[in-house]
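Down below is the structure, laid out as structure tokens.
Keep in mind it's a predicted model, so treat the numbers as computed, not measured.
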Amino acid sequence: MKIARFSRIGFILAAAGSAVGLGNIWKFPYIAGEYGGGAFVLVYLFTVLLIGFSIMIAEMLIGYLGRRDTVTCFEKLAPKHKHLWKLAGFQGLAGLFIMIFYSVVIGWIFNYIVTSLSYLPASVKESEEIFTAMLHTSFWTQFFYHTLSFIGIIYVLHKGLKGGIEKLNMYLMPALMIILAAMFIYATTLDAFGQAVSFMFSPDWSKIDADAFVTAVGHAFFTLSLGMGAIMTYAASLDKEANIVKSAFWVVFLDTTIAIVAGLMLFTFLYQYGSGPAKGPGLVFISLPAAFYEMGIIGNIFAVLFFIALAFAGLTSSVSLVEPMVQYFIDRFGWSRLKATVSMGTFFWLFGIVAILSNIDGAKEFLTWGGKNFFDWVDYFTAAVMLPIGGFLMAVFVGFVIPRSEVEAVMKPQLKWAFQPWYFSLRYITPVAMFVVMLSLMGVL
Ligand code: PHE
């Protein structure tokens, strides 16, 4: 049987599709806002370059050398203690866990596409009421759109790597970039654009503390899709001649550019038409619709286009979140793609329903422990615990476990003089940084 391989551009778009997600357009602007803009953005950029880029290369390398599902990759490449190392491959579960809330948020976005067509809230207050009503009382609306997202995702995945994942990204990624570029160009013509630029790039170092630093590192991981085997699983289908460093560069470049473009655009709209850089997760669902309202009719068009772009970003990330475990059941248990896809989908669909309920009045009381509901726990556990552990394991695996000669054989011709600094960073800088991030996010430090 001929194994499906990504085309080179297909791989870059698919990996960039994984990286560019809700993290870039929904999360990045609001955390940048929370930590006061400029200085935070610089710390984040610095982290992406120093840590993110080097782990991106490492994760691609494990997939490229292993060429199978994540568990088999670790098992195959570890010279000894194969049974222990293969457990590292179960990081792929993090993707399924993330999907539990990710699919629900995509559902909210679908809902906003439909409602923004005809109606936008006239004030932030009204907007907030609409959002909280959806969150706390509209179980069936959320259920319906979450189910729609589940069906779309398993449909694409069951079509396979080339006919499903690659094709989806070949259409949605350019569409997403065109929509964002068009809205960004419009934003540059507004007076508030200068304010947005200075908010995002003039650093106010007094706002940066250990917490901001840790958030920036954690976000660099989440946004680059690192630490859970998504990039590894895609790289397992990379053409043997492909250049890992160049691919990694493009993914990091596209991800970062899109986050910054989205941030500048949103802040311009919020300065110009809204209440300034609002903080918190409600930024795109609460402050933004009210700002779109102020634009008049073009606001409705922009709102719909914006939420479509956000849905595209979410969907291309979703397929990469589910694929590692799908690949695992295909490779290790001989399941058909259809069976693997439907089973994995059913998992996140069912728990997604619990996540919805955990926000609904009357049910949330039973699904909240220690101040966090089920939805927040899943978000917290994956981002604060699983991804940093995954990143840590990958850095250590490439830095210390895979024999240096094997790593050198592939990476030295590509990295040249940069091989040594990259290898050093994987061995000593990244693992320590990951460890500190994990402890701080868990509240130990
Ligand atoms: N990178 C995606 C985002 O920014 C989320 C994601 C995390 C996707 C981990 C795959 C793996 O939204």
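- Between F329 and F333, the gap from one ring centroid to the other is short of 6.0 Å.
- Of all heavy-atom pairs spanning I286 and S127, the tightest one is O-OG, 2.7 Å.
- In this structure, I55 and G391 approach most closely via the heavy-atom pair CD1-O, 3.8 Å.
- Residue pairs satisfying the side-chain hydrogen bond (donor to acceptor under 3.5 Å, both in side chains) criterion with at least one member in residues 183-200, sequence neighbours excluded, are listed as follows: Y186-Y273.
- Side chains of F53 and V48 form no contact here, defined as non-hydrogen atoms less than 4.5 Å apart.
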### Task
Might you work through the side chain to side chain contact (heavy atoms under 4.5 Å, CB included) test for L393 and F397, ending with a clear yes or no?
CA-CA 6 Å; L393 290 173; F397 193 68; 5.9 Å; no
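- Environment of CZ in F201: crowded, with over 12 heavy atoms of neighbouring residues, nucleotides or ligands closer than 6.0 Å.
- Heavy atoms of other residues, nucleotides or ligands lying less than 6.0 angstrom from OH of Y171 number 12 at most.
- A heavy-atom distance below 4.5 Å is found between the side chains of V326 and E323.
- Between T70 and Q91, the side chains place no donor N or O within less than 3.5 Å of an acceptor N or O (distance only, hydrogens not considered).
- Side-chain contact between I429 and F424 is present, with at least one heavy-atom pair separated by less than 4.5 Å.
- The 12-atom threshold is not exceeded at CH2 of W417, counting heavy atoms of other residues, nucleotides or ligands nearer than 6.0 Å.
- How far CG of D69 is from NZ of K76: 9.5 Å, rounded to the nearest 0.5 Å.
- No side-chain heavy atom of E75 sits under 4.5 Å from any side-chain heavy atom of W85.
- L176 approaches A309 most closely through the heavy-atom pair CD1-O, 3.2 Å.
- With ring centers used as reference points, Y234 lies 6.0 Å or more from F11.
- Looking at heavy atoms from C-beta onward, M170 lies in side-chain contact with I9 at the 4.5 angstrom threshold.
- Both cation-pi conditions hold for R67 and Y64: the charged atom is under 6.0 angstrom from the six-membered ring centre and inside a 45 degree cone around its axis.
- Rounding to the nearest 0.5 Å places OG of S7 at 9.0 Å from CG of D239.
- Y112 is linked by a ring-ring contact (aromatic ring centres under 6.0 Å, His included) to F285, F307, counting only residues two or more places apart in sequence or in another chain.
- At least one side-chain heavy atom of I165 sits less than 4.5 Å from a side-chain heavy atom of L157.
- Summarising the local packing, CH2 of W335 is surrounded by more than 12 heavy atoms from other residues, nucleotides or ligands at distances under 6.0 Å.
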### Task
Walk me through it: do I179 and F306 pass the test side chain to side chain contact (heavy atoms under 4.5 Å, CB included)?
CA-CA 7 Å; I179 295 177; F306 173 79; over 6 Å; no
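- Expressed to the nearest 0.5 Å, how far CG of L84 lies from CZ of F74 amounts to 13.0 Å.
- Of the possible donor and acceptor atoms, one in the side chain of T346 sits under 3.5 Å from a partner among the backbone N and O of V342.
- Taking the six-membered ring for Trp and the full ring otherwise, F193 and Y271 have centroids separated by 6.0 Å or more.
- Checking side-chain atoms of E59 against main-chain N and O of L226 turns up no donor-acceptor pair under 3.5 Å.
- Once rounded to the nearest 0.5 Å, the distance linking OG1 of T368 with CG of D376 reads 8.5 Å.
- Residues L50 and S425 come closest through the heavy atom pair O-OG, 3.9 Å.
- One N or O on the side chain of K82 and one on the backbone of A78 form a donor-acceptor pair closer than 3.5 Å.
- Checked by atom type and distance alone, the side chain of R427 pairs as donor or acceptor with a backbone atom of G399 at under 3.5 Å.
- Q142 and W108 share a donor-acceptor pair across their side chains, judged by distance under 3.5 Å alone.
- Using a 30° and 60° split on the angle between ring planes, F435 and F392 fall in the tilted class, from 30° to 60°.
- Looking only at side-chain heavy atoms (C-beta outward), F46 and I51 stay at 4.5 Å or farther from each other.
- Within 6.0 Å of NZ on K162 lie more than 12 heavy atoms contributed by other residues, nucleotides or ligands.
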### Message
Run the side chain to side chain contact (heavy atoms under 4.5 Å, CB included) test on L321 and L96 for me, step by step, so that the C-alpha distance in whole Å, both residues' side-chain angles and the decisive distance to 0.1 Å come before the verdict.
### Response
CA-CA 6 Å; L321 284 159; L96 279 189; over 6 Å; no
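- Every pair passing side-chain hydrogen bond (donor to acceptor under 3.5 Å, both in side chains) that includes a residue from residues 222-232 is listed here, sequence neighbours excluded: S18-S225, N24-T223, T223-D255.
- When each of W205, Y44, F40 is paired with Y35, the ring pair (Phe, Tyr, Trp, His ring centres under 6.0 Å) condition holds for F40 and for no other.
- Aromatic ring centres of W377 and F374 lie farther apart than the 6.0 Å criterion allows.
- Between G17 and N169 the shortest heavy-atom distance is CA-OD1, 3.5 Å.
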### Message
Run the side chain to side chain contact (heavy atoms under 4.5 Å, CB included) test on W26 and L288 for me, step by step, so that the C-alpha distance in whole Å, both residues' side-chain angles and the decisive distance to 0.1 Å come before the verdict.
### Response
CA-CA 11 Å; W26 164 64; L288 198 61; over 6 Å; no
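- Atom NZ of K159 has 12 or fewer neighbouring heavy atoms from other residues, nucleotides or ligands inside a 6.0 Å radius.
- Within a 6.0 Å radius of NZ in K80, no more than 12 heavy atoms belonging to other residues, nucleotides or ligands are found.
- One distance of note links CH2 of W422 with CD of Q414; it measures 9.5 Å at 0.5 Å rounding.
- In this structure a side-chain-to-backbone donor-acceptor pair under 3.5 Å is missing from S237 to R5.
- Salt-bridge annotation for D331 and R68: present, with a side-chain N of the basic residue lying under 4.0 Å from a carboxylate O of the acidic one.
- The residues K27 and E34 are annotated as not salt-bridged, no charged nitrogen and carboxylate oxygen being separated by less than 4.0 angstrom.
- The distance between the ring centers of Y423 and F419 falls below 6.0 angstrom.
- Distance CG/N359 to CZ/F375: 6.0 Å, rounded to 0.5 Å.
- Remark: the S103 side chain and the W349 side chain contain no N/O donor-acceptor pair separated by less than 3.5 Å.
- Scanning all heavy atoms of the two residues, the minimum distance from F269 to A187 falls at CE2-CB, 4.0 Å.
- Counting non-hydrogen atoms of neighbouring residues, nucleotides and ligands closer than 6.0 angstrom, the NZ atom of K167 reaches no more than 12 such neighbours.
- Side-chain contact between T316 and L172 is present, with at least one heavy-atom pair separated by less than 4.5 Å.
- Using a distance-only test at 3.5 Å, with no hydrogens or angles considered, a donor-acceptor pair links the side chain of S317 to the main chain of V20.
- Panel note: side chain H158, backbone Y155; a donor-acceptor pair is recorded below 3.5 Å.
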